[in-house]
Amino acid sequence: MLLNLPKAVKPIGVRFLSGARAACVGVDVYPSHFASLLKECKAILLHMSHLMPDVFVGNALIDAYGKCGLMENAVKVFNMMEFKDVVSWNAMVAGYSQSGNFKAAFELFKNIRKENIPLDVVTWTAIIAGYSQRGCSHEALNVFRQMIFSGSLPNCVTIISVLSACASLGAFSQGMEIHAYSLKNCLLTLDNDFGGEDEDLMVYNALIDMYSKCRSFKAARSIFDDIPLEERNVVTWTVMIGGHAQYGDSNDALKLFVEMISEPYGVAPNAYTISCILMACAHLAAIRIGKQIHAYVLCHHRYDLSAYFVANCLIDMYSKCGDVDTDRHVFDSMSQKSAISWTSMMIGYGMHGRGSEALDIFDKMRKAGFVPDDITFLVVLYACSYCGMVDQGLSYFDSMSADYGLTPRAEHYACAIDLLARFGRLDKAWKTVKDMPMEPTAVVWVALLSACRVHSNVELAEHALNKLVEMNAENDGSYTLISNIYATAGRWKDVARIRHLMKKSGIKKRPGCSWVHGQKGTASFFVGDRSHPLSPQIYALLESLIDRIKAMGYVPETNFALHDVDEEEKNNLLVEHSEKLALAYGLLTTFPGCPIRITKNLRVCGDCHSAFTYISKIVDHEIVVRDPSRFHHFKNEYNHVLRGGAMWIVDQEKGKGKM
DNA sequence: CTAGGGTTAG
C-alpha cells in the first residue's frame, strides 16, 4: 500500500506518472505510446495496490488511464480510493468527456452534487472541452450557457475551450460576445502587457483563431499585430498563418511564414505550421516554396513524430502543384499510411488524367486492408470522371451499394450524372436524375448544364438553369454557360436576354486570371492585361506563335469568344486570354527544357487548349496548366487528343464560368 | 494531482 511506503516514494510515484504524462501528452506522442509506458508505471504501482492508493497517486492514475482511453481501469482506481477529492471527480469527468462518453460524464456530474462536493470551474470546463474537442460545438456552447446561469465563473481555460467551439462553428457573434465577456470580467488584460502571462497569450491565440475562422481577418489581424513580436509563440503564428491559408489569401500566409522565421525573434515552425504553409503552397501552386518546405522537413528530425500529417499535406501540395511523380515518391516513402494518404494520392492521379494509376491505388488500398467508405468511392468516381473512364465509373457506382452496402449520397449521384452527361449519354443522365431517391442538388444541375454546353442541348440546359435559379444557386458561371449554349444555337435574342438579366441582378462574370512562375518570381495576368513591363514582348511573341501554329493547322475556335463582335475582333480577344499571356511570359522568362506551370482561376478555354497543344510541339518546354478542377499536360505531342479524345471533351466541359 | 489554443483528402 502506497500509504505505508516510506515518505520519499510517494512524491516519486506522482512525479513519475505526471512526468510520463507530460512527456507523452505534451509532446505529440500517440496515446498508444503512452499506454505502453503506463504499463510500466502499473508494474511498479499495482503490485502493491490491491490496497488503497493515496489520493494524489490515485488522481494521477485516473488521469493517466483517462488519457489513454482506459476508463475501466480509471473506474477501478476511483472505486478503490477511500479518500477522494474534487480532483478525483474532475479527472473522472474529464476522462469520460474526452472519450466521448458524455452520458457517463453527466452521471458523475449529478453525483458530484449528491455528494455535496462543490461543482467547480474545472468540472464545467472538462465537460465543455470534451464537447468542443469532439466536434460537438453546439453542446459545448450550451453547457457554457448553463454554467453562466448557474453562477459559476469561467476562467481562461473555459474561455479558450468555448472560443475553440465558436471557431469550428464559424459563430462570429457568439465569439465576439465571449471576447467582450472576457474583457469585462478581467479574464483578459487590456494593456497589452504580455510579460510572461502564458494564459493571456493562449486566450489571444484562441481569439485570433476564432476570428479568422469566422473570416473576420481585420479583427484577427489587429489582435495579432498588437502582440509584440517577441511575445508571439508558435501557436500565435500558426493560427494566423493557417487562417490566411484556409480562409483568406495564401500569399499573406507565405509572407507571415517568412516573418515568423526571421531574426531576431524567429520562432521555429512545428508540424502544425508546416501543414498550414503546405496548404498555402498547394492553393497557390507555389511548387518552389513547397519544395523548400519539403527539404526543411527532411533536414529537421523533430518532424518525424508527426510526419503523418505533414506527409499527407506534402502529397496534396505536390499533386496540386502539378508534380504527381514526386507525389508518388512521398507516398511510397511513408511507412504508415492513413486513409487520407491513399485518397489524396488517388485524387492526385485523377486530377492529372492518370486514371488507371488512380484505380491501381484504389486496388492497393483495399489490399492494404482499408475498407472503402463512401468518401473513397466519391474519390474513385471523381477520378473516373476526370479521366473519361465512363464504364469503370458506372460499375464502381453500382458496386458501392451492391458489394459494400453503402448508400450513394447526392454527391455520388452528381458524379455519376456528370460522367454520363459529359460523355454524351444525356438521356441516361437525365433518367438517373429523375430516379434519384433524394432531391437533386445544385451540383447535379451544374453537371447537366455543363454537359449541355458540350452537346448543345438547349432544352435540358434551360431546365437545369431554372432549377438552379429556384434553389438560388445560380452564379456567373451558370449564366455564362447558358449564354454560350444559346450562342452556339444561334439564339442571339436569348443571349441578349441573359446578358440583360445578369446586368439587372448585378451578377458579373468573374475575370479570368492566370499566373505563372517565371525565373524572376510569379507573374499574374488578367484577360487583355497590358500592365506587365514585358507586355510588348509578350504580345509580339504570342502573335508570332499563333502565326506559326496556324501554318501547322491550328484554327482559332471563335465560339469561345464573345458573340457580338466581328471575326477579326474575336481572334484578338482569343489572343488576349490570360492563360495565353501567362504562357508567353513563361516562355520569355524560363530556360529551355524547364516545364512551364500555369495556374488559372477559371476553367481553361477550349481554344487555349487547342493552341497549347500546337505550341507544345514547337517549344522546348513541357506546359502544365492547372485550373480549378484538374491539370492539363502538353508535352511535344498530341497526348491528349490521342487519348481517345476523352480529355478533349472533358476540357470543353464546364465552359469558362465555373471556378 | 483535474480543465485549455493551432494541422491533412472530398
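Convention: sequence-line order gives letters A, B, ...; per-chain numbering from 1.
Closest contact between the side chain of A/Ala129 and the listed nucleotides B/dT2, B/dA9, B/dA3 involves B/dA3. When distances run from any side-chain atom of A/Ala91 to the nucleotides B/dG4, B/dG6, B/dT2, the shortest one goes to B/dT2. Residue A/Phe309 places its side chain closer to B/dT8 than to any other of B/dG6, B/dA3, B/dT8. Taking the side chain of A/Thr238 as heavy atoms from C-beta on, and the options B/dG6, B/dA9, B/dA3, the nearest nucleotide is B/dG6. The side chain of A/Ser164 has B/dG6 as its nearest neighbour among B/dG4, B/dG6, B/dT2. Nearest nucleotide to the side chain of A/Phe56, out of B/dG4, B/dT2, B/dC1: B/dC1. For A/Thr343, counting side-chain heavy atoms from C-beta on, the closest listed nucleotide (B/dA3, B/dA9, B/dC1) is B/dA9. When each of B/dT2, B/dG6, B/dT7 is scored by its nearest atom to the side-chain atoms of A/Cys276, the top-ranked nucleotide is B/dT7. Nearest to the side chain of A/Thr273, among B/dT8, B/dG6, B/dA3, sits B/dG6. With B/dA3, B/dT2, B/dC1 as the choices, the nucleotide that has an atom nearest any side-chain atom of A/Asp85 turns out to be B/dC1.
For the pair A/Lys67 and B/dC1, the criterion of a side-chain N or O lying under 4.0 Å from OP1 or OP2 is not met. Of the side-chain N and O atoms in A/Ser97, none sit less than 4.0 angstrom from OP1 or OP2 of B/dA3. Here A/Gln246 does not reach the OP1 or OP2 of B/dG6: none of its side-chain N or O atoms lies under 4.0 Å away. For B/dG6, neither phosphate oxygen OP1 nor OP2 lies less than 4.0 angstrom from any side-chain nitrogen or oxygen of A/Gln133.
Counting to the nearest Å, the P atom of B/dC1 and the OH atom of A/Tyr65 are 19 Å from each other. Between the CG atom of A/Leu207 and the C1' atom of B/dG6 there is a distance of 14 Å, rounded to whole Å. The distance from atom CE of A/Met334 to atom C1' of B/dA9 is 12 Å, rounded to the nearest whole Å. Residue A/His283 contributes atom NE2, which lies 9 Å from atom P of B/dT8 at whole-angstrom precision. In this structure, CD of A/Gln336 is placed 19 Å from P of B/dT8, rounded to the nearest angstrom. Going from atom CZ of A/Phe83 over to atom P of B/dC1 covers 21 Å, rounded to whole Å. In this structure, the OH atom of A/Tyr308 is 15 Å from the P atom of B/dT8, given to the nearest Å. A straight line from NE2 of A/His244 to P of B/dT7 spans 15 Å, rounded to a whole angstrom.
Annotation: cation-pi pair A/Arg232/A/Phe224 present, NZ/CZ under 6.0 Å from the ring centroid and within 45° of its normal. Both the sub-6.0 Å distance and the 45° axial angle are satisfied by A/Arg366 relative to the ring of A/Phe362. A cation-pi arrangement is present between A/Lys337 and A/Phe331, with the terminal nitrogen or guanidinium carbon under 6.0 Å from the aromatic centre and inside a 45° cone about the axis.
Counting any heavy atom pair closer than 4.0 Å across all strands shown, A/Val234 reaches a base atom. Among the atoms of the strands shown, only primed sugar atoms or phosphate atoms (P, OP1, OP2) are found under 4.0 Å from some heavy atom of A/Val239. Within 4.0 Å of A/Lys213, counting heavy atoms only, lie sugar-phosphate atoms of the nucleic acid but no base atom. No contact: A/Lys84 has no heavy atom under 4.0 Å from any strand. Within the nucleic acid shown, A/Met346 has no heavy atom closer than 4.0 Å to any nucleic acid atom. Within 4.0 Å (heavy atoms only), A/Asn233 reaches at least one base atom of the nucleic acid.
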key: A/Tyr318 vs A/Val324, side-chain contact (heavy atoms from CB on, under 4.5 Å): CA-CA, chis, key distance, verdict   = CA-CA 6 Å; A/Tyr318 276 116; A/Val324 77; over 6 Å; no
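Taking the ring centroids of A/Trp124 and A/Phe109, they lie under the 6.0 Å cut-off.
One cannot find a donor-acceptor pair under 3.5 Å joining the base of B/dA9 and the side-chain atoms of A/Ser344. Taking 3.5 Å as the limit, the base of B/dG4 and the side chain of A/Asn155 contain no donor-acceptor pair of atoms between them.
Here A/Lys255 does not pair with A/Asp249 in a salt bridge; the nearest charged N to carboxylate O distance is not below 4.0 Å.
In this structure, the side chains of A/Tyr65 and A/Met71 stay at 4.5 Å or more apart for every pair of heavy atoms.
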